[in-house]
**Q** 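Quick one: the structure is below, and I'll ask about it shortly.
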Protein chains: 2
Amino acid sequence: MSQPAFAETSSVPIQFVSRSRQRAEAPPALTTVCSSCHLKDLCLPCGMSAPTVERLDGLHFGRRRVKAGQPLYRAGESFQAIYAVRSGTFKSTLGATDGREQVTGFAMAGELMGLDGLAQGRHPSTAVALEDAEICAIPYDHLMELSADSGELQRAVGRLMSREIVREHSLMMLLGSMNAEERLAAFLLNVSQRMKARGWSATEFHLRMSRAEIGSYLGMKLETVSRTFSAFVQQRLLEVDKRHIRILDLEALTRTFEGRLQ
Amino acid sequence: MSQPAFAETSSVPIQFVSRSRQRAEAPPALTTVCSSCHLKDLCLPCGMSAPTVERLDGLHFGRRRVKAGQPLYRAGESFQAIYAVRSGTFKSTLGATDGREQVTGFAMAGELMGLDGLAQGRHPSTAVALEDAEICAIPYDHLMELSADSGELQRAVGRLMSREIVREHSLMMLLGSMNAEERLAAFLLNVSQRMKARGWSATEFHLRMSRAEIGSYLGMKLETVSRTFSAFVQQRLLEVDKRHIRILDLEALTRTFEGRLQ
DNA sequence: CGCGACTTTGAACACCATCAAACCCGGTGG
DNA sequence: CCACCGGGTTTGATGGTGTTCAAAGTCGCG
């Protein structure tokens, strides 16, 4: 574990811009307030009352761009902030000492990353952008200070962490008891729902990750992922053109793994 | 994995403090204070300063016995409290609508359960005692109130949840990329470490769970678990008599899955 | 154009699941 | 006392699913 902390991580330093400064002089592009963010119903403020969201505006979010293929943070780095995806897609990976690594999740706009770093004060995982992306860095200390004053905020943060646990539970279920078709169906339906929640089509979308990354996430080899896609095409459940997916029969796809999840 | 250093078990006797504020319907439930609990270095108070632990004493823990085979809580029940195991062993399971269920974890003395219920306000999983057991019920509302006053406590709770996320990450790695021998070796070494942290032998112990439960947890069938045990016996890594395990060669067992985890 | 990264498809094989039988052990009841 | 039962475990034989190895196709890009 020889991880030079910030050496190669980012060319662009995170900028923490206070809200007053922002009003006064800072370029508006670099700071954000939750209350006027278009992602507020998906992201950190989800489910909070308006006054509480305004409280969040006091947070000094730093915005940062991350180029495709670049890491947002790496395993071993000290934990300072959690991250909210503004645009783009990320993968989180856990590395083994023998070089193998496994994808533990994909994050889309409005989703949070880095909650796992809190346990040890260092990130155990690495987050890499799958396309050019933009994030909000939410300083954890500051978030804790704020939530000490607000029960609602405190609870919301707890719920977010709990939701992450629940998410991983379903993934364990998937990895522990589903076959290849069920796994891929579950994955596609999950992506479909998340696309829909973001106002995109639930039945036609572009995957940002490679077959190998999907396979790593689902616990199967890239060849098996590819074969399973082909099988779905043959069954007329999907149309697939490389990473472009069109779901032809959502119900049948759902039936493929019905009763297996939740 | 995260193993807090083990401190003296024998010394401090458990103190039960009866409280005047007790609900009418409640049985003469005993309450417990964290500061004098023999599990305090493993459990909720782990890593907290003495003053903060004393703050925790203000929590009205309910103690409860759970008989072998009985549920502590069931999927679907409303979430009120998180639970700390005082004695005994539990399994957490996630059920599928088709009746299949999967074990998502085992909890031993000092470990917490139920954190996943916070997300939706109901427990998504069921916790069942594998032997006669005793737990502390930690009312979540009350815990939140307390932690609003104490940054340290607030952080500790956050760390606990994060640790759960990290734990599940390792399990995903296991389920996603290990073969049968690696999985069982990882499981046995994990149990071994947890036994050791509780002052028991790291090399000889009694498993509380069946082959089927181990299999469910590790994503394999009970027959495969059994065969893998036999293979380890043949390799002179273990002695196995039903659920009684003696590890003969800890290093070799470690080598079996070296580099795969973390 | 040609290279590299990614994807698809085929063929053979390995590993684990499945089905089946036997065993062990404690508990119950004739 | 023994027979019987049920739950859990072990072991064998067989087959299926997904992996592995290999080759060829596609696409973007310098």
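Only a predicted model underlies this, so the values are computations on that prediction, with no experimental measurement involved.
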**Q** Hey, where on DNA chain D does chain A first and last touch, going 5' to 3'? Cut-off is any atom under 4.0 Å from a heavy atom.
**A**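 For DNA chain D, the relevant span reads dG18(D) to dC21(D).
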**Q** Rounded off to whole Å, could you give me the CZ-to-P distance for the Phe229(A) and dT7(C) pair?
**A**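 Distance check: Phe229(A) CZ to dT7(C) P gives 9 Å.
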**Q** Please report, rounded to the nearest Å, how far the P atom of dC25(C) is from the NZ atom of Lys242(B).
**A**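 Interatomic distance, NZ of Lys242(B) to P of dC25(C): 6 Å.
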**Q** Which label fits Tyr83(B) and Tyr73(B): parallel for a plane angle under 30°, tilted from 30 to 60°, or perpendicular past 60°?
**A**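 Plane angle under 30°, so parallel.
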**Q** Take the protein atom CZ of Arg211(A) and the nucleotide atom C1' of dA5(C), then report the distance between them rounded to whole Å.
**A**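 The distance from CZ of Arg211(A) to C1' of dA5(C) comes to 14 Å, rounded to the nearest Å.
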**Q** Is there a donor-acceptor contact under 3.5 Å from the side chain of Ser125(A) to the main chain of Ala75(A)?
**A**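 Judged by distance alone, no pair lies under 3.5 Å.
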**Q** For Glu239(B), does its backbone N or O pair with a side-chain atom of Arg246(B) as donor and acceptor, under 3.5 Å?
**A**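 A pair under 3.5 Å: no.
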**Q** Check if the side chain of Arg243(A) and the base of dT8(C) share a donor-acceptor pair of N or O atoms closer than 3.5 Å.
**A**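 Side chain to base: no pair present.
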**Q** In this structure, how many angstroms lie between the P atom of dC25(C) and the NE2 atom of His244(B), rounded?
**A**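 Nearest whole value for this atom pair: 15 Å.
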**Q** How long is the span from the OG atom in Ser78(B) to the CD atom in Gln120(B), to the nearest 0.5 Å?
**A**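 Interatomic distance, Ser78(B) OG to Gln120(B) CD, rounded to 0.5 Å: 13.0 Å.
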**Q** So, is Ser230(A) close to the dT9(C) phosphate, meaning a side-chain N or O under 4.0 Å from OP1 or OP2?
**A**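 Yes, Ser230(A) has a side-chain N/O under 4.0 Å of OP1/OP2 on dT9(C).
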**Q** With nearest nucleotide decided by heavy atoms, which residue, Met209(B) or Glu181(A), maps closer to the 5′ end of DNA chain D?
**A**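 Per heavy-atom nearest nucleotide, the more 5' residue is Met209(B).
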**Q** Between atom NZ in Lys221(A) and atom P in dC6(C), what is the gap in whole Å?
**A**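 Roughly 16 Å, once rounded to whole Å.
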**Q** Please report, rounded to the nearest Å, how far the P atom of dA5(C) is from the CG atom of Leu130(A).
**A**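 Checked: the CG to P distance equals 17 Å.
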**Q** Could you give me the CA-CA distance, side-chain angles and deciding distance for Thr93(B) and Thr104(B), then say whether side-chain contact (heavy atoms from CB on, under 4.5 Å) is met?
**A** CA-CA 5 Å; Thr93(B) 59; Thr104(B) 58; 6.0 Å; no
**Q** Could you check how far CG of Leu222(A) sits from P of dT8(C), rounded to whole Å?
**A**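 Rounded to the whole Å, the gap is 10 Å.
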**Q** Quick one: which of dT7(C), dT9(C), dC16(C) gets closest to the side chain of Ser210(A)?
**A**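 Output: dT7(C).
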**Q** Between Arg211(B) and Phe229(B), is NZ or CZ placed under 6.0 angstrom from the six-membered ring centre and within 45° of the ring axis?
**A**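 Relative to the ring axis of Phe229(B), which defines the angle, Arg211(B) lies inside both limits.
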**Q** Quick check: on DNA chain D, is the nucleotide nearest Thr224(A) upstream (toward 5') of the one nearest Val225(B), or the reverse? Name the residue that is more 5'.
**A**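 Between the two, 5'-proximity favours Val225(B).
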**Q** Considering residues at least two apart in sequence or located in another chain, which fulfil the side-chain hydrogen bond (donor to acceptor under 3.5 Å, both in side chains) criterion with Ser201(A)?
**A**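 Residues passing side-chain hydrogen bond (donor to acceptor under 3.5 Å, both in side chains) with Ser201(A): Thr203(A).
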**Q** In this structure, how many angstroms lie between the C1' atom of dC6(C) and the CZ atom of Arg208(A), rounded?
**A**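 Those two atoms, CZ and C1', are 16 Å apart.
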